[in-house]
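First the proteins, then the strands, lettered A, B, ... as listed; each starts at 1. If you're wondering where the values come from, they're calculated on a predicted model, not measured in any experiment.
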Amino acid sequence: MPKRPSAEAEAFYIAVYETVQRIPPGKVTTYGHIARLIDAPQNSRQVGSALKYLHDAPQAVNGNAADLNDESDWQDFFHLFNNETVPWWRVISADGKIAFRARGAMDEQGHRLQAEGVDVRNDAHSRPRIIDLREHGWFPRPEDEESDG
DNA sequence: CTGATGACCATAT
DNA sequence: CATATGGCCATCA
């Protein structure tokens, strides 16, 4: 069970997750791009930390939440954001390679991308196309956009 | 508090 | 193209 982050860090994580959720299937972007979108251009590494956090999250939280006694908010957190609801596999390094080098994780990310038609061989032969969420109108969220003028 | 670490990035060689 | 280096900043021992 991962330790609950500070309120400030949690807000950052949520911003990362909600932004990553706007990457369409079959498309990929980078850690740095996500960081810039959420107005934290210096925190690309922390974007990776946020995604790693999903990996540490309890997968069975939807079924058994016995361990989560008096922290219902904490349960809701992983109920909303987990390995299946946040497409972490669509985030790669700026050089077009998979950055997740933990045991087996690289293969899993490759498989998930392959299933969406993205070819990532982790070499220069076929670099996936990195998209900019803003250019495609996928960010910011229309509902969050302010209109002061 | 200090020092080490990490799913990063840009630049240099 | 691959490796090395400096910078970055939150997290952890």
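- For the pair A/I23 CD1 and B/dA7 C1', the computed distance is 13 Å after rounding to whole Å.
- Taking the six-membered ring where the residue is Trp, A/Y53 and A/Y13 present tilted rings, their angle falling between 30° and 60°.
- Picking from B/dA7, C/dA2, B/dA10 the nucleotide with the shortest atom distance to the side chain of A/A94 gives B/dA10.
- Straight-line distance from the CD1 atom of A/I34 to the P atom of B/dA7: 17 Å, rounded to whole Å.
- Rounded to whole Å, the separation between the C1' atoms of C/dC8 and B/dG6 comes to 12 Å.
- Residue A/L37 contributes atom CG, which lies 13 Å from atom P of B/dC9 at whole-angstrom precision.
- Atom P of nucleotide B/dA7 and atom NE2 of A/H55 are separated by 10 Å, given to the nearest angstrom.
- Of the N and O atoms on the side chains of A/E116 and A/W89, at least one donor lies less than 3.5 Å from an acceptor on the other residue.
- As a whole-Å value, the separation of A/D95 CG from B/dA12 P is 17 Å.
- Across all strands, A/A9 comes closer than 4.0 Å only to sugar-phosphate atoms, never to a base (heavy-atom distances).
- To the nearest angstrom, P of B/dC8 lies 11 Å from CD of A/Q109.
- Computed from coordinates, the A/R103 CZ to B/dA7 P distance equals 15 Å when rounded to whole Å.
- Here the side chains of A/F12 and A/I38 are in contact, with some heavy-atom distance below 4.5 Å.
- Within the nucleic acid shown, A/S6 has no heavy atom closer than 4.0 Å to any nucleic acid atom.
- Taking a 4.0 Å limit (strictly below) on heavy-atom distances, residues 39-51 of chain A reaches DNA chain C at A/Q42, A/N43, A/R45, A/Q46.
- For the pair A/Y13 OH and C/dC9 P, the interatomic distance rounds to 16 Å; values are reported in whole Å.
- Using a 4.0 Å cut-off, some side-chain N or O of A/K97 falls inside it from OP1 or OP2 of C/dA2.
- Across C/dT11, B/dC9, C/dA2, the shortest atom-to-atom separation from the side chain of A/T30 is found for B/dC9.
- Side chains of A/P25 and A/R90 form a contact here, defined as non-hydrogen atoms less than 4.5 Å apart.
- Between A/R103 and A/E108 there is no salt bridge, since no side-chain nitrogen of the basic residue lies less than 4.0 Å from a carboxylate oxygen of the acidic one.
- The ring pair (Phe, Tyr, Trp, His ring centres under 6.0 Å) search around A/F81 returns A/Y17, A/F77, not counting sequence neighbours.
- Contact check for A/W138 versus A/I23: no side-chain heavy atoms found under the 4.5 Å cut-off.
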